[in-house]
Amino acid sequence: MKIYNTLSGQKEEFVPLNPNVVKMYVCGPTVYNLIHVGNARPAVVFDAFRRYLEYRGYSVIYVQNFTDVDDKIIKVANIEGVDPKVIGDRYVAGYFKDACELGIQPATCHPRTTNFIEQIKEFILELEKKHFAYQRGSDVYFDVSAFPSYGTLSHRNPSDMRSGARVEINENKDDPLDFVLWKGSKAGEPKWKSPWGDGRPGWHIECSSMSKTLLGDAFDIHAGGNDLIFPHHEDERAQTEALTSKKWVNYWMHNGMISVKDEKMSKSIGNIFTVREALKIYGKNAIRMYLLSKHYRSPIEFSSDRMEEAKTAYSRIARVMEEIEKKVGKDFRITEDEFVKDQKAKMIEVLDDDFNTPQALSIIFDLVKDVISTGNLERMKSVKVLVDEWNYFLGFDFEPDRKNVDDFIELELKLRNDARMRKDYAQSDEIRKKLEELGIEIMDLPEGTRWRWK
RNA sequence: GGCGACGUAGCCAAGAGGCCAAAGGCGAGGGUCUGCAAAAUCCUUAUUCAUGGGUUCAAAUCCCAUCGUCGCCUCCA
């Protein structure tokens with residue numbers, strides 16, 4: 001299997017540290033808001049990739065964090081006049097709801113910054129001991145000049161960045177590139193006691209500390225949006241490798257950004273579309289089709305046309321799956337013949353090449369087309385088995401969409417009540433009997449007719 | 001200003017030296033089916049890969065230049 005590694009800038013053969021187990025860390029959301037479609041991309045794509053690794057026989061330990069100590073959370077908390085913890089808890093819950101509806105499987109671990117304060121402090125103390133950190137007031141900074149390979153991940157060199165006009169000058173720092181490990185607290189901010197005074201962790205330190213605690217000093221894959229490469233991941237890498245003197249992460253995977261009208265979708269720009277809205281309007285399957293039909297590293301445009309297109313494309317597969325089930329049922333076995341073996345090999349070949357999901361989907365569309373035009377029942381069975389198997393990592397629902405079933409039953413009840421009004425009881429009983437066979441129970445109550453699933 | 005990515009049919013999107021006169025999806029046009037409508041299905045839809053040079057027996061794929069778009073350099077997935 002080959003993975004594009006941001007660190008080397010090329011595709012590399014994937015060799016996990018342990019031949020059977022893959023350890024993977026994905027940067028999760030800062031919980032101050034409902035997640036938007038841009039946030040959903042890494043969540044969906046890397047979850048699908050993780051499941052593909054499982055499909056390929058690896059056990060995967062998958063960690064995705066929540067950043068629940070942050071300026072933006074504090075700001076929202078202050079506006080609402082509540083404790084930041086309330087905000088964090090609310091949006092952690094919000095994330096789980098959305099992720100679940102998107103068909104994202106829970107990670108092995110979902111650590112939160114607030115549960116790692118002790119480990120973070122120890123981490124910083126160690127850095128101080130090794131002279132990679134210095135204190136200014138009650139702030140602690142990482143000394144970039146002490147870490148010679150700073151810039152390797154993001155392919156920049158420190159002197160270029162220093163001369164760049166956009167690096168903010170902070171009189172506290174020895175070097176504009178130095179970044180904060182621990183922030184002294186200001187009034188109205190959450191704080192924890194520390195050797196440097198009351199304060200809270202800086203942004204980058206949490207991922208280092210959590211991953212070190214949960215996955216060890218070295219692990220296989222670190223993933224996230226490509227807007228995190230610099231400074232977030234560069235800084236994480238610097239502090240962690242400074243501490244351990246070991247290679248921290250072997251493969252860095254970064255997804256491309258989602259844009260709206262040629263501009264990045266981002267909370268600060270304000271052009272966001274929440275996952276919750278998108279789920280309501282387009283549904284889980286359309287969103288997954290949209291995200292998987294372009295390679296994860298490429299930028300992708302969000303628009304309602306794109307979403308409608310994805311929805312139509314998805315239903316093409318779903319309809320055929322439904323049709324196959326009608327023709328050959330659910331209970332059958334197939335023998336793994338040449339055809340099935342070839343298709344599986346083809347699927348693995350394209351996905352082993354840096355998780356090329358657009359190609360994977362085209363294999364499925366080809367099969368679907370083939371099955372329709374030949375009408376061969378054995379072939380249908382094979383295709384159904386294959387697609388169901390691959391769906392382990394694609395994560396679509398091929399069950400028929402039953403969201404309008406309520407309206408449909410209401411319509412039946414209306415027809416039945418019209419018959420009752422006409423005293424056509426043969427007709428009304430017929431309808432009740434049919435509904436009952438479908439598992440729907442009818443009760444004629446004084447206030448009207450109600451129904452429920454038996 | 002620095003660093004990086006990208007530019008393939010009406011639109012979306014694979015392909016990364018010969019299997020490409022370029023997958024797949026959406027859309028569009030035509031046929032079949034049909035009381036009407038819809039659905040479904042079949043067929044058609046890029047001699048060409050931003051532009052201009054170059055390397056090579058061979059380039060959408062490699063190199064150089066130009067134009068254009070986007071991302072990062074500040075919070076960001």
Side-chain angles (χ1 to χ4, degrees), chain A residues 4 6 9-11 26-30 32-33 35-46 64 67 70-73 75 95 151 153-170 176-177 179 203-204 223-234 253-270 272 275 289-303 305-317 319-320 323 346 350 353-354 356-369 372-373 375:
Chain A
Y4 180 90
T6 305
Q10 39 191 225
K11 286 184 197 172
V26 180
C27 282
T30 300
Y32 72 104
N33 221 328
I35 60 162
H36 63 253
V37 177
N39 300 306
R41 169 120 98 150
V44 167
V45 160
F46 294 124
Q64 186 189 44
T67 299
D70 176 89
D71 288 346
K72 295 181 291 287
I73 299 173
K75 201 176 153 196
Y95 173 83
L153 176 67
S154 54
H155 305 287
R156 295 153 199 246
N157 74 72
S159 53
D160 282 355
M161 287 187 278
R162 285 190 188 97
S163 60
R166 300 192 62 186
V167 177
E168 197 185 327
I169 306 299
N170 175 332
L177 294 182
F179 54 91
W203 176 37
H204 316 299
N226 69 12
D227 54 350
L228 297 181
I229 296 172
F230 190 89
H232 189 51
H233 287 164
E234 191 69 57
M253 297 174 80
H254 291 100
N255 63 273
M257 295 293 103
I258 294 184
S259 60
V260 179
K261 297 199 177 75
D262 291 333
E263 203 174 31
K264 177 180 159 185
M265 182 184 289
S266 143
K267 289 175 190 171
S268 46
I269 298 173
I272 61 167
V275 166
M289 179 58 80
Y290 163 73
L291 292 173
L292 295 173
S293 60
K294 187 154 182 179
H295 186 91
Y296 75 90
R297 280 193 285 118
S298 305
I300 180 172
E301 175 81 15
F302 182 88
S303 72
D305 283 356
R306 287 287 80 72
M307 294 306 291
E308 291 297 345
E309 197 178 301
K311 195 173 178 176
T312 312
Y314 153 77
S315 24
R316 182 172 169 78
I317 300 174
R319 284 217 189 95
V320 173
E323 201 56 35
K346 239 165 107 181
V350 302
D353 183 11
D354 197 28
N356 192 334
T357 52
Q359 282 253 269
L361 290 169
S362 90
I363 291 175
I364 293 177
F365 283 114
D366 281 341
L367 288 175
V368 155
K369 183 168 185 161
I372 297 166
S373 49

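Heavy-atom basis, side chains included; hydrogens, waters and symmetry copies ignored. In the text below, chain A, chain B and the rest are named by the order of the sequence lines, each starting its count at 1.
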Pairs counted as Watson-Crick or G-U wobble with both distances under 3.5 Å: what dot-bracket string results for RNA chain B, using | for bases tied to another strand?
((((((((.[[[..)..(.....]]]((((((.......))))))....[[[[[..)....]]]]])))))))....
Reckon D70(A) touches a base, only the sugar-phosphate, or nothing at all at heavy-atom distances under 4.0 Å?
nothing
Which nucleotide in the set A14(B), A77(B), G27(B) lies at the smallest distance from any side-chain heavy atom of T312(A)?
G27(B)
Keeping R41(A) on the side-chain end and G256(A) on the backbone end, is there a donor-acceptor pair under 3.5 Å?
yes
5' priority, RNA chain B, between G38(A) and P358(A) [closest heavy atom]:
P358(A)
Evaluate the criterion side-chain contact (heavy atoms from CB on, under 4.5 Å) for residue pair V275(A) and N39(A); output intermediate values, then yes/no.
CA-CA 9 Å; V275(A) 166; N39(A) 300 306; over 6 Å; no
For A9(B) versus G4(B), give the span between their P atoms, rounded off to a whole number of Å.
27 Å
What contact category does M289(A) fall into here, base, sugar-phosphate, or nothing, at under 4.0 angstrom with non-hydrogen atoms?
nothing
Might you point out which heavy atoms bring V37(A) and I258(A) nearest each other, and give the distance in Å?
O-CD1, 3.5 Å
Kindly write out the residues that satisfy salt bridge (Lys or Arg N to Asp or Glu O under 4.0 Å) with R297(A), not counting sequence neighbours, or none if the list is empty.
D354(A)
Nearest-Å distance, CZ (F365(A)) to C1' (C12(B))?
12 Å
Roughly, in whole Å, what's the span from CG in N255(A) to P in C70(B)?
19 Å
Nearest heavy-atom neighbours spanning S159(A) and N157(A)
OG-OD1, 2.8 Å
Set out, in order, the CA-CA distance, both residues' side-chain angles and the distance that settles side-chain contact (heavy atoms from CB on, under 4.5 Å) for K346(A) and Q359(A), then state yes or no.
CA-CA 10 Å; K346(A) 239 165 107 181; Q359(A) 282 253 269; over 6 Å; no
Quickly work out the N356(A) CG to G15(B) C1' distance and round it to whole Å.
9 Å
Base, sugar-phosphate, or nothing for G224(A), non-hydrogen atoms under 4.0 angstrom?
sugar-phosphate
Verify whether one side chain among D305(A) and S303(A) offers a donor that lies under 3.5 Å from an acceptor in the other.
no
Rounding to the closest angstrom, what is the interatomic distance between A65(B) and C26(B) at atom P?
41 Å
Of G225(A) and D262(A), the one whose closest RNA chain B nucleotide lies more 5'
D262(A)
Closest non-hydrogen contact found for L228(A) with C27(A) is CD1-CB, 3.7 Å
Among C73(B), C75(B), A77(B), the one nearest F230(A) by side-chain distance
C73(B)
Describe the nucleic acid contact of D305(A) in one word from base, sugar-phosphate, nothing, applying a heavy-atom distance below 4.0 Å.
nothing
Answer with base, sugar-phosphate or nothing: what part of the nucleic acid does G256(A) contact at a heavy-atom distance below 4.0 Å?
base
Under the rule for ring pair (Phe, Tyr, Trp, His ring centres under 6.0 Å), what residues qualify as partners of F302(A), not counting sequence neighbours?
F273(A), Y290(A)
Compare side-chain N and O positions of K264(A) against OP1 and OP2 of C72(B) and report whether any pair is under 4.0 Å apart.
yes
Using the C1' atom in both, what is the distance from A59(B) to U44(B), to the nearest Å?
29 Å
What N/O pairs connect the protein and nucleotides 2-11 of chain B at under 3.5 Å? Give each pair on its own line.
residue	atom	partner	partner atom	Å
G2(B)	O2'	D160(A)	OD2	3.4
C3(B)	O2'	H155(A)	O	3.1
C11(B)	O2'	R306(A)	NH2	3.0

In whole Å, I'd like the distance from the CG atom of D353(A) to the P atom of U61(B).
19 Å
Starting at NZ of K261(A) and ending at P of U69(B), how long is that distance when rounded to a whole Å?
18 Å
In whole angstrom, give the distance that lies between atom CG of N157(A) and atom C1' of G1(B).
14 Å
With sugar-phosphate meaning primed atoms plus P, OP1 and OP2, does E263(A) contact a base, only sugar-phosphate, or nothing at under 4.0 Å between heavy atoms?
sugar-phosphate
Write down the distance separating the C1' atoms in C20(B) and A58(B), rounded off to the nearest Å.
13 Å
Check the angle between the aromatic planes of H233(A) and H254(A) and answer parallel, tilted or perpendicular using the 30° and 60° thresholds.
tilted
Please report the distance separating the C1' of G24(B) from the corresponding atom of C64(B), rounded so that it comes out in whole Å.
34 Å
Using atom P of each nucleotide, how far apart are A23(B) and U66(B) to the nearest Å?
34 Å
I'd like a list of close polar pairs between nucleotides 38-41 of chain B and the protein, N/O only, cut-off under 3.5 Å.
residue	atom	partner	partner atom	Å
A40(B)	OP1	R319(A)	NH1	2.6

What pairs with H36(A) under ring pair (Phe, Tyr, Trp, His ring centres under 6.0 Å), at least two apart in sequence or on another chain?
none
Please state the C1' separation for the pair C67(B) and A28(B) - nearest whole angstrom.
31 Å
So what does N39(A) touch, heavy atoms closer than 4.0 Å: a base, only the sugar-phosphate, or nothing?
base
Side-chain donor or acceptor of Q10(A) paired with backbone N/O of Y4(A) under 3.5 Å:
no
Under 4.0 Å, counting only non-hydrogen atoms across every strand here, what does L228(A) touch: a base, just sugar-phosphate, or nothing?
sugar-phosphate
Would you measure the distance from the C1' atom in A16(B) across to the matching atom in A60(B) and give it in whole Å?
9 Å
Let me see the working for E234(A) and F179(A) under side-chain contact (heavy atoms from CB on, under 4.5 Å), right down to the final yes or no.
CA-CA 11 Å; E234(A) 191 69 57; F179(A) 54 91; over 6 Å; no
Counting only N and O atoms by type, is there a donor-acceptor contact under 3.5 Å from the side chain of K267(A) to the main-chain atoms of I272(A)?
no
Rounded to whole Å, please give me the gap between CD1 in I300(A) and C1' in U69(B).
16 Å
Heavy atoms under 4.0 Å, any strand shown: does H254(A) hit a base, just sugar-phosphate, or nothing?
nothing
Output the rounded distance in Å from OH (Y296(A)) to P (A13(B)).
17 Å
